[in-house]
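The next block holds one structure in the form of structure tokens; read it before the comments.
Please read these numbers as outputs of a predicted model, since none were measured by experiment. Sequence lines set the chain letters: A, B, ... in the order given, protein chains first and strands last, and positions in each chain run from 1.
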Amino acid sequence: MVRIHDTLSGHDVGLHPLAGPNGPVTFYSCGPTVYDDAHIGNFRSFLNADILRRAIELTGVAVRHVMNITDVGHMTDDAQADGGGEDKMAVAGRRLAEAKKSGTLPAGATIDPNDPLAIADFYATRFLEDARLLGLKVAIEAERDPALMPRPTRWVPQMIAMVQGLVDRGHAYVARDGVVYFDVRSFPDYGKLSGNTLDALREGEGGRVSAENQASKRHPADFMLWKPDAKHLMKWDSPWGAGYPGWHLECSAMAAGLLGEQIDLHSGGEDNIFPHHECEIAQSRCCFGKPTFARLWFHTRHLVVEGQKMSKSKGNFFTARDLFAKGVTPAALRLELVRTHYRTNSNFTLQGLTDCQRMIDRWSRHAEALEASIAALRTSGNVALAVRHAAATPGPLESALASFTEALCDDLNVARAIAALNEALGQDHLNACPARELKALRRMDSVLDVLDRNRPVASKAADDLEAQVNALLARRTAARAAKDWAASDQVRDELAALGVQVKDGPTGTIWSRVVR
RNA sequence: GGCCGUGUACCCAAGUGGCCUAAGGGAACGGAUUGCAAAUCCGUGAUUCGUGGGUUCAAAUCCCACCACGGCCUCCA
């Protein structure tokens, strides 16, 4: 059974699915807001949720995983968080319009910068591409079942129903400015998740709430549920006038609609703890009258890049696509983002990416060697050996599977799981049954999911490079055949200048890109 | 000001009272191999766990103080 640190209770708790021991576990993850490309920090959080669901599945328990794609624009003007300010979708639209003008928009992208839904779709599509390359299982499943990745713009009626329910039950009120607010003092547990108390919350400390909005609330911590604003970029009719819903509402409504009024697991980045998840708990419990909302809260810490906070101005800001374009394989990026324990800040480095790539290459070689052994055994028709294999004691990998699983069950200790795998690979496989060893390796990879993602992402630039490299390689091979080492080495220098490294092996020369 | 988390070798990173004179990976170095390389395989590698105190027979692990870094305090994963 998987044990996980629960943010709400503050300690590790076993996962006991509401539906019974075999699940399915109902799991809701806060996903991206699609007004820009997701960066590696976003993906650390999403991929850790993915590792968690795969670890649960490894123990034989089914998971129903839902991740939202937020397509409503939120305010950019943080000083006016409760309304007003410019919508992020509108800003994204301007950015796209400029990109279109300067020709930096990706080929084939025909998009109306004034249509917020089109902008959201544009970035949602790109997000799904990245997510699928990185092995985010829910994104792969959503190809067949789009409901698993819901969009809030299609759930506004359910959100309005929740606002109405909260007003009816006396947990929400219409202020004199017409805005519907949640009354935090009507919910004594408000603050339990984040450890905040209502009196200790410094009013407006985040600098995001205007004094004007604060003045109309009964308590400074009351948060917006519905904002009437007929001029807003995206608006819907409601009993409180045309406007838009509070941002916390979408997750409450979609989790309830797709998974139930109480769920087993809820995940997000550490910044979601307050206010977002705190508010979700308040809304869901007060609206549905259930004793809990999510039974276990899973939060991933942020990452830093080369020891520094990631920011565009420092030039250490990476999206997944940036790295793919440099020739980084999805497998290496995936492993680099999940190999540090989710509850500590991880330090993303290019060196770390290289380290991961080497590890994955080693695992791949072992998988290929095992496949070769199995094939050789099949063609040789050596029945006696096959029988001996079937009866053999578990090999290193088969034995490691238990400690691998145990490490993951212990609050998702990925580093220890990887160590178990690495240790097994260093041991003697000669007497082990290759089929069973491969099966164990594949089983571990069902969580890590790197073996089938260990290829650079195809692109026009990658194709061009390949053609260039192949031409140089042909010259070098000819020079080597003629034992003209000077010419051969000169070509190797040229390849190095292109960021390409060559390896001469018994079956010919292979090459790979060096990530810089 | 309140709440939360982190600090382990050159780098990433596990370990949270005795099995730790600290796992695993990478780099580096030595060897095998190679036209030379790269890759691969084998080997070496922290008497020490941010700093200073304390508790204990015993501390990286518990307590206190300090320093540094990260997150939240109403729309950043």
**Nucleotide nearest A:R301 when distance is taken to its side chain, options B:rC4, B:rA77, B:rG25** = B:rC4
**Asked** If you check every side-chain atom of A:R339, which of B:rC72, B:rC12, B:rG24 has the closest atom?
**Response** B:rC12
**Message:** Need to verify one output field. Residue with the more 5' nearest nucleotide on RNA chain B, A:I40 or A:R343?
**Reply:** A:R343
**Message:** Assuming nearest nucleotide by heavy-atom distance, tell me which of A:H5 and A:T354 is located more 5' along RNA chain B.
**Reply:** A:H5
Give the rounded distance in Å between these two atoms: [atom1] of [X] and [atom2] of [N].
X      : N      : atom1 : atom2 : answer
A:N316 : B:rG70 : CG    : C1'   : 14 Å
A:L350 : B:rG26 : CG    : P     : 18 Å
A:N196 : B:rC72 : CG    : P     : 13 Å
A:N345 : B:rC12 : CG    : P     : 13 Å
A:H341 : B:rU16 : NE2   : P     : 12 Å
A:H266 : B:rA77 : NE2   : P     : 13 Å
A:F274 : B:rA77 : CZ    : C1'   : 18 Å
A:E270 : B:rC73 : CD    : C1'   : 13 Å

**Item:** Base-contact (B) and sugar-phosphate-only (S) positions in nucleotides 34-45 of chain B, heavy-atom cut-off under 4.0 Å, - elsewhere
**Value:** -BBBBSSS----
Quick one: sort the [X] and [Y] rings into parallel, tilted or perpendicular, breaks at 30° and 60°.
X      : Y      : value
A:Y28  : A:H266 : tilted
A:F182 : A:F187 : perpendicular
A:H277 : A:W297 : tilted
A:F46  : A:F127 : perpendicular

**Item:** Separation between CH2 of A:W226 and CH2 of A:W236, rounded to the nearest 0.5 Å
**Value:** 7.0 Å
**Straight-line distance of A:M254 CE to A:W155 CH2, nearest 0.5 Å** = 7.5 Å
**Prompt:** So with a 6.0 Å cut-off around CG of A:D493, is the heavy-atom count from everything else above 12?
**Reply:** yes
Residue-phosphate contact under 4.0 Å: [X] side-chain N/O, [N] OP1/OP2:
X      : N      : value
A:N347 : B:rC12 : yes
A:T340 : B:rA13 : yes
A:N413 : B:rG15 : yes
A:N42  : B:rA77 : yes

**Message:** Between A:E423 and A:Q427, is the side-chain hydrogen bond (donor to acceptor under 3.5 Å, both in side chains) condition met? List the steps.
**Reply:** CA-CA 7 Å; A:E423 241 165 327; A:Q427 288 166 18; 5.8 Å; no
Within the 4.0 Å heavy-atom criterion, would you say [X] contacts the bases, only the backbone, or no part of the nucleic acid?
X      : result
A:H276 : nothing
A:D271 : base
A:G352 : nothing
A:L303 : base
A:K309 : sugar-phosphate
A:T300 : nothing

Inter-nucleotide [atom1] distance ([N], [M]), Å rounded:
N      : M      : atom1 : value
B:rA32 : B:rG15 : C1'   : 34 Å
B:rU61 : B:rG2  : P     : 26 Å
B:rU44 : B:rG70 : P     : 39 Å
B:rG71 : B:rA39 : C1'   : 42 Å
B:rU48 : B:rA23 : P     : 15 Å
B:rC42 : B:rA59 : C1'   : 36 Å

**Cationic N near anionic O, under 4.0 Å, A:D411 to A:R416** = no
**Asked** Without hydrogens or angle criteria, can the side chains of A:N42 and A:H39 be said to hold a donor-acceptor pair below 3.5 Å?
**Response** yes
**Request:** Using the ring of A:F348 (Phe, Tyr or Trp, six-membered ring only), decide whether A:R44 places NZ or CZ under 6.0 Å from its centre and within 45 degrees of its axis.
**Result:** no
Under 3.5 Å between N/O atoms: give me all the protein pairs with nucleotides 19-22 of chain B, atom names plus distance.
none

**Request:** Would you check if the side chain of A:R301 reaches a backbone N or O of A:E270 as a donor-acceptor pair within less than 3.5 Å?
**Result:** no
